[in-house]
K.L.:
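Below you'll find the structure I mean.
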Number of protein chains: 2
Amino acid sequence: MASLAPPDLLAVLADPTRRRLLDLLLDGPRPVGELVGELGASQPSTSKHLRVLREAGLVHVHPDAQRRVYALRPQRLAELDAWLAPYRRLWEGRLDALEAHLDAHPDPEPRRSSR
Amino acid sequence: MASLAPPDLLAVLADPTRRRLLDLLLDGPRPVGELVGELGASQPSTSKHLRVLREAGLVHVHPDAQRRVYALRPQRLAELDAWLAPYRRLWEGRLDALEAHLDAHPDPEPRRSSR
DNA sequence: CGGGAATATGCCCTGCAAGGCATACTCGGA
DNA sequence: TCCGAGTATGCCTTGCAGGGCATATTCCCG
């Protein structure tokens, strides 16, 4: 089951600027102008990033006169959370002990080259 | 080599091939050869991706003769989980009302002239 | 109506990441 | 000691993402 429908999501989140945008939106919806200000990026650049976020379903826009108020849309991130699930079991469980063990022994008992 | 100051974790995960590698490793540690086989990618390419994963702290290598057995290292993913936390609260909680509201406004139409 | 504010788009340019190929390296076994 | 299996690396090329700039677009207001 491809819990992570569009691999896009991770790719979209790969950009620090976009993550910063999401962070800013954590405080609540904001018009582009404000985002531009706090971001320090140019307005066109910001708009483009917002578009990417919008197309990824990570934000939502709500027109207010000539303004566009962007708001967070966290649902999509639930998919990321789902993708993470199988791994979470690993880092949460006692497997960590095994991991630590391996980490401490870069070169344990050599095995036979049997296949 | 900075183990504690990894390259953008999300940037590393942005690559589908690398995610596929992680997925494969969910089943347990494997030598490069096997990974190459199941991945369908070339050996050099696979090795490069593994390197990126390794430098990001997402996998761990354990030499076995001329083989390199790669294993998952989920800890780093916990960071991603942590990053996700503030958003999780949103999609899990009381924001449902807002979401419902947003749902009533199909916004993702770029071209909308019916005003 | 015209002007101006707020935002989106299109185009161009640059840097970087990913793939392919050949090759260097490192073991273990005969 | 030499050979071959298994893996890493270096170099080159290409496609694409992101930034900047100018401009189109859409709206409010006087």
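Worth knowing before you read on, the calculation uses all heavy atoms, side chains too, and leaves out hydrogens, waters and symmetry mates. Within every chain, numbering begins at 1; the chains are lettered A, B, ... in the order of the sequence lines, protein sequences first and strands thereafter.
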K.L.:
Atom CD of A:E34 to atom P of C:dA5: distance rounded to whole Å?
P.N.:
18 Å
K.L.:
Starting at the 5' end of DNA chain D, write a dot or bracket for each base, bracketing those in Watson-Crick or G-U wobble pairs whose two distances are under 3.5 Å and using | for partners on another strand.
P.N.:
||||||||||||||||||||||||||||||
K.L.:
Which residues satisfy the ring-ring contact (aromatic ring centres under 6.0 Å, His included) test with B:Y70, sequence neighbours excluded?
P.N.:
none
K.L.:
Among residues 13-25 of chain A, which contact DNA chain D at a heavy-atom distance under 4.0 Å?
P.N.:
A:D15, A:T17, A:R18
K.L.:
By side chain to side chain donor-acceptor pair (under 3.5 Å), which residues pair with A:Q66, not counting sequence neighbours?
P.N.:
none
K.L.:
Could you state the atom-to-atom distance from CZ of B:R68 to P of C:dT26 in whole Å?
P.N.:
9 Å
K.L.:
Given atom CG of B:L53 and atom C1' of D:dA8, what is their separation to the nearest angstrom?
P.N.:
15 Å
K.L.:
Please say yes or no: joined through hydrophobic side-chain contacts below 4.5 Å, possibly via intermediate residues, are A:V69 and A:L58 part of one cluster?
P.N.:
no
K.L.:
Find the distance B:L39:CG to D:dG6:P and express it as a whole number of Å.
P.N.:
18 Å
K.L.:
Side chain of B:Q66, heavy atoms from C-beta onward: which of C:dG28, C:dT7, D:dT26 has the nearest atom to it?
P.N.:
C:dG28
K.L.:
Please, which pairs that meet salt bridge (charged side-chain N to carboxylate O under 4.0 Å, His left out) have at least one residue in residues 56-72 of chain A, sequence neighbours excluded?
P.N.:
none
K.L.:
Expressed in angstrom and rounded to an integer, what is the separation of A:Y70 atom OH from C:dT7 atom P?
P.N.:
9 Å
K.L.:
Tell me: CZ of B:R51 to C1' of D:dG6, nearest whole Å?
P.N.:
18 Å
K.L.:
How would you list, by chain and number, every residue that makes a side chain to side chain donor-acceptor pair (under 3.5 Å) with B:T46, sequence neighbours excluded?
P.N.:
none
K.L.:
Using heavy atoms to find the nearest nucleotide of DNA chain D for B:P31 and A:V52 separately, return the residue whose nucleotide is more 5′.
P.N.:
B:P31
K.L.:
Quick check on contacts: within residues 40-50 of chain B, what sits under 4.0 Å from DNA chain D by heavy-atom distance?
P.N.:
B:Q43, B:P44, B:S47, B:K48
K.L.:
What residues, two or more places apart in sequence or in another chain, satisfy side-chain contact (heavy atoms from CB on, under 4.5 Å) together with B:V52?
P.N.:
B:V12, B:R18
K.L.:
Among residues at least two apart in sequence or on other chains, which ones pass salt bridge (Lys or Arg N to Asp or Glu O under 4.0 Å) with A:R30?
P.N.:
A:D27, A:E34, A:E38
K.L.:
Using whole Å, report how far CD of A:E55 lies from C1' of D:dG18.
P.N.:
15 Å
K.L.:
According to side chain to side chain donor-acceptor pair (under 3.5 Å), who are the partners of A:R19, at least two apart in sequence or on a separate chain?
P.N.:
B:D8
K.L.:
According to side chain to side chain donor-acceptor pair (under 3.5 Å), who are the partners of B:T17, at least two apart in sequence or on a separate chain?
P.N.:
B:D15
K.L.:
Could you tell me whether the side chain of A:Y87 and the main chain of B:D23 form a donor-acceptor pair under 3.5 Å?
P.N.:
yes
K.L.:
In whole angstrom, give the distance that lies between atom CZ of A:R54 and atom C1' of C:dT7.
P.N.:
10 Å
K.L.:
Just to verify, what does B:R88 make a salt bridge (Lys or Arg N to Asp or Glu O under 4.0 Å) with, not counting sequence neighbours?
P.N.:
A:D81, B:D81
